[in-house]
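The next block holds one structure in the form of structure tokens; read it before the comments.
Residue numbering restarts at 1 for every chain, and letters A, B, ... go by the order of the sequence lines.
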Amino acid sequence: MKRLMQYIGLFVLIVAIQVLILNNVNVNGFGTPLVYVGLIIALPYALNRSVKLLIGFLLGAVIDLSVGCAGVHAAATTAASMAYVLSADFFMPNEDKRLYALMTPSPMSMGWGQFVRFALVVVLVHHTVLYAVEAMSLAHVLFLIIRIVLSGVTTMALILVTEYYISRQ
Amino acid sequence: MSALFKFFVRYGNYLLFIFLEVIALVVAAHGGAFQRSKFYALSHGVASRVYAIREEVTHYIGLSSANEQLSVENSVLRTELYRYKQLYQQLSSPGDSVKRAPLDPTLAYESFAAKVINNSVGAIDNYMTLNRGKLDGIDEDMSVIAAGSAVGVVESVSDHFAIVLPLLNPKAQLSCKIAGKNTDSLGTSHIKDIGSLVWKGGDTRFAHLEKVPRHVPLKKGDKVITSGYSDFFPEGLQVGEIEQFGISNDDNYYDIVVRLSVNFRQLEHVEVLNYKYGRELRILQDSIHVKKNEGGKR
């Protein structure tokens, strides 16, 4: 229960930070950091898979509603949580699943290398779906890729810095 | 039946995923329709209230650049204003429509925006430094104003900076008119008398108006504006208003305290006014003194 409240608090905080501050940040005109993906990454490993998908969808829907671009973020976050569901098993250490059952993916639980790879997969899936759906075409593929890469780099940087500080405490 | 159940258990997540994605994509594809819906209007109402709060918080951050922009715009507009005043006087003067009266030279002003980068108010001998100089078109003896009020006169210039002698310096004297309370923007008002404004140190909010004869009827709150008799300032700029006045027994003149309309302590953006014929006017006026002196010698 305490964990749930913590997660809801984090949810509200990060959505607010994203909508109010980070959506106005632009690195080189493309790279907007989309840290709310971090909320999907921070879902407990043992959480029911359907619940993960639903939370992902809900997160995207909330962002959509507050930004005013219908469905785009929801499609991306749902895809991102599916990426979590499918890839977490590869990245979580599988020595003792029960030990990690309550853990969330983090540098502490997986090690830095594995965590970076895991986060990269989720972030890339999210950004790719987001910008592709937003553009609604593959006409400007190069432009699309530039956006995905630049935005992905800034997002990853912010997520890793945050994780670094959490892991030091 | 159990096969169907097993199928759902096995592939339920994929079905859920596809279901959610389809919802999201359908909504995304019909973005316009969604944005017309009542639900969106509701959520947007909440979001825009949050945005309004953010705007309250963050609009201070952009304030300094906004000020800068406005001060530049002001100076451009003031240059234009003087041109139109000039044209207005020319066009409204009597005469036939072909041969108009010449342009009034006393309205030939041009304005530059500048920022105060150093400003002393605590001393007696106060000076002010501006971030514009000779290369920006600033020259000695140009007048400096802020928001339509007199500030001072450019005393000396380098290539990039200018030193201003502000009204808050006893060396600065400004010829002023006392106008009734109801002065309109064109400066047409009942002018009561003229006097000379001087600051004698102390409170930066007040200065003294001298040489106003005691027969003039004054009221607290009377406006003090520039007379246009100085070589620097155009006529009708605000200077301040009369705070209090009195007469000492053995004096023919009032002792008038003027509340200055410029807050020198918070001065940031100013305009420098270039009077195009200033040099010509000063040379002409100086030549009279030279002649007088020569005549005296003879």
Side-chain angles (χ1 to χ4, degrees), chain A residues 12-13 15-25 40 43 47-89 125-126 128-137, chain B residues 1-70:
Chain A
V12 173
L13 181 73
V15 168
I17 289 176
Q18 180 67 46
V19 172
L20 294 178
I21 301 172
L22 292 179
N23 278 350
N24 300 306
V25 174
I40 293 172
L43 284 173
L47 198 67
N48 185 296
R49 295 177 162 197
S50 310
V51 177
K52 279 180 197 156
L53 287 176
L54 284 169
I55 289 179
F57 181 79
L58 185 73
L59 171 67
V62 168
I63 300 276
D64 273 335
L65 286 180
S66 41
V67 179
C69 52
V72 179
H73 292 88
T77 48
T78 311
S81 27
M82 196 60 188
Y84 178 126
V85 167
L86 293 181
S87 68
D89 281 337
V125 168
H126 172 267
T128 308
V129 174
L130 177 73
Y131 287 124
V133 173
E134 198 181 56
M136 280 286 175
S137 81
Chain B
M1 194 65 201
S2 72
L4 191 66
F5 185 73
K6 270 185 188 163
F7 175 80
F8 269 111
V9 168
R10 194 169 163 77
Y11 296 108
N13 291 323
Y14 296 96
L15 289 177
L16 180 65
F17 170 70
I18 291 166
F19 175 67
L20 293 176
E21 282 292 353
V22 167
I23 292 180
L25 290 175
V26 166
V27 171
H30 295 88
F34 171 70
Q35 283 173 1
R36 267 176 263 125
S37 74
K38 273 194 174 148
F39 182 59
Y40 178 76
L42 184 72
S43 82
H44 196 68
V46 175
S48 45
R49 212 156 301 164
V50 176
Y51 283 133
I53 295 170
R54 181 188 66 175
E55 179 60 24
E56 286 278 301
V57 175
T58 58
H59 89 284
Y60 284 101
I61 297 169
L63 220 52
S64 103
S65 66
N67 272 340
E68 207 125 322
Q69 228 176 334
L70 283 177

Select one option (side chain, backbone, both, neither) describing which atoms of A79(A) are under 4.5 Å from chain B's heavy atoms. both
V19(A) versus chain B, the contacting section by heavy-atom distance below 4.5 Å: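 Both parts, heavy atoms under 4.5 Å.
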Heavy-atom distance under 4.5 Å between the side chains of V27(B) and V72(A), does that happen here?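 Contact flag for V27(B)/V72(A) side chains = no.
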Do you know which of R49(A), H73(A), M82(A), K52(A) has the most heavy-atom pairs with chain B at a distance under 4.5 angstrom?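 That would be M82(A).
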Residue selection (most heavy-atom pairs with chain B, distance under 4.5 Å) from A16(A), S50(A), A74(A), S81(A): S50(A)
Working to the nearest 0.5 angstrom, can you tell me the gap between Y14(B) OH and L86(A) CG?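 Between atom OH of Y14(B) and atom CG of L86(A) there are 5.0 Å.
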Once side chain to side chain contact (heavy atoms under 4.5 Å, CB included) is applied, do any residues pair with I18(B), and if so which ones, sequence neighbours excluded? V22(B)
Residue set satisfying side chain to side chain contact (heavy atoms under 4.5 Å, CB included) with T78(A), at least two apart, ordered chain then number -> F57(A), F17(B), L20(B), E21(B)
Nearest heavy-atom contact between A28(B) and V133(A) is CB-CG1, 4.1 Å
